[in-house]
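Just so we're on the same page: letters track the sequence lines, and every chain starts at 1.
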There are 2 protein chains.
Amino acid sequence: MTADLGQIESVTIQLQVYNRLREALFTGKLLPGESLTIRNLAAMLGTSPMPVREALQRLVAEHALTQLPNRTFCVTPFTAAMFRELMRVRMAVEGLAANQAVRRITPETIARLREINLEMKAGVEEGVPTAVMTANRAFHFTLYESAEMPQLLDIINGLWLRAGPYLMNAHRKLDNPTPFLRAGTLFHERIIAACERGTPTAAARAIAGDIWHSARYFRRNVDVINEATPPAAATPRRGRRRAEPSES
Amino acid sequence: MTADLGQIESVTIQLQVYNRLREALFTGKLLPGESLTIRNLAAMLGTSPMPVREALQRLVAEHALTQLPNRTFCVTPFTAAMFRELMRVRMAVEGLAANQAVRRITPETIARLREINLEMKAGVEEGVPTAVMTANRAFHFTLYESAEMPQLLDIINGLWLRAGPYLMNAHRKLDNPTPFLRAGTLFHERIIAACERGTPTAAARAIAGDIWHSARYFRRNVDVINEATPPAAATPRRGRRRAEPSES
DNA sequence: AATCGTGATCTGTGATCTCAATTTGCGGTA
DNA sequence: TACCGCAAATTGAGATCACAGATCACGATT
């Protein structure tokens, strides 16, 4: 009947706060163990505490943030074991994504992947870690999006979100990250080749290799970064249970 | 310094609401497409709308609930394609969990698995689908817990949560579910055998088989259940943007 | 009789306030 | 100097209120 005038997207404040925090985690602006308070953020962002609270709780649900026993929020600190687990999960999940992506990827997207990898190489040679990380993220996600599995993509997003505070800060701790980063681009070339040949299992293997490599790169930095973590309080807090859910 | 007196677990109302809704989803008390309102639930549970709101938002973040363009909440309805994707992801993720579980599982846990599977068999022969589903869930999760990968377990929990409304209601739509359910116990036996022999890849294969089988069981019910879904409104809503997050 | 406008009601979002519990810092005591 | 204790400031949780948009029903108009 009427023409399609497009959607008026309603961005709630809560979502804006969430996205902003998310980006801060991705880019490593928030360090593991760093604590966040509702009122502070609300004041910084110019809103009431309410939307901030809900954004924080959502990030807690996604395990990007942690709520200590005293209920204060902090960026989830990882142990080396947790980091290893995370990488294992990534290998399985992103392996599946790569596998499925190869079956559906278009030549245009492959071209785009090659382009992104060139950007990444440039960043490596010019020694701009930020650009490298950005390109790396773009490479992986454009690949995974080709799988057309939104639920899987969502899981992967969650995994990257948790790894973010480490990935972005790790390069600061290395004296010469270039050879490591360069190796990353080689894995990417292997992935591109698998896309061209249409060999899903080879792509999955290459992704797993890439993740494994980056894990070796970052793992030892986990504890280094975490040692900046404040001790994190001890005693629990006896929540307030004014009303009691009564019936079903 | 002081003795460890254990933790006084502070269960917030929000968490109580969350857990109750979660259980309702798992057991299929909430149907796909069914809509929920904050105030209704708050009145039913005898609390203020606030904790309910936060519990609902958390479930939305986990994709167990969906927020329509008009911002009302409903149990996420699946298309057949989404269901297929979910099963594919489950095969990969739970396959990994089974694989790792075999490497760490103890004889006691294996005995427990066998016990649970007997319960499940009993439920099948006596025709008590609820008992079967409960035992099935217990079987899978005691297996996965042996992997000692909490992050992976959390992902699996999310996947099951989304499948819950279907799994529990599917049997109602079948005239004779017994042979299908019986086949499930056979896969479980295969899994137990893999645990005993200590063959991780065989366990992963068996889990994948189990999931694949149950997918075949439930897939066609997806649309049957969803057709009870109300049409779900059309026009978007122009949120209210009173305050604007200003600076970083 | 079908359609459109108008009002009441419902729904989620955000702001504000209160409360309980933790945390912090200062002062006094041993 | 080290330790203990109490009070002020801070923090998250929950309740209540205000508001904008959506939904629905009823009635007037064509």
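Relative to the six-membered ring of B:F78, B:R162 misses at least one condition, a distance below 6.0 Å or an angle of at most 45° to the axis.
Atoms CZ (B:F73) and C1' (D:dA22) sit 15 Å apart, rounded to a whole Å. Spacing between atom CD1 of A:I13 and atom P of D:dG21 amounts to 13 Å, rounded to whole angstrom units. Taking atom CZ of residue B:R39 and atom P of nucleotide D:dA22, one finds them 16 Å apart after rounding to whole Å. Rounded to an integer number of Å, the gap from A:L36 CG to D:dT10 C1' is 15 Å.
Residue B:N70 places at least one side-chain N or O closer than 4.0 Å to OP1 or OP2 of D:dT23.
Closest approach of B:L161 to B:A64, counting heavy atoms only: CD2-CB, 3.7 Å. Taking each heavy atom of B:P32 and B:T76 in turn, the nearest pair found is CB-O, 4.1 Å.
Under the 3.5 Å distance criterion, with hydrogens and angles disregarded, a donor-acceptor pair is assigned to the side chains of A:E62 and A:Y18. Between the side chains of A:Q14 and A:R53, no donor-acceptor pair of N or O atoms lies under 3.5 Å.
A heavy atom closer than 4.0 Å to some atom of DNA chain C occurs in B:R53, B:Q57, these being the qualifying members of residues 51-65 of chain B.
Without hydrogens or angle criteria, B:Q151 side chain to A:M82 main chain gives a donor-acceptor distance under 3.5 Å.
Nearest-nucleotide positions on DNA chain C place B:I38 closer to the 5' end than the other of B:I38 and B:M50.
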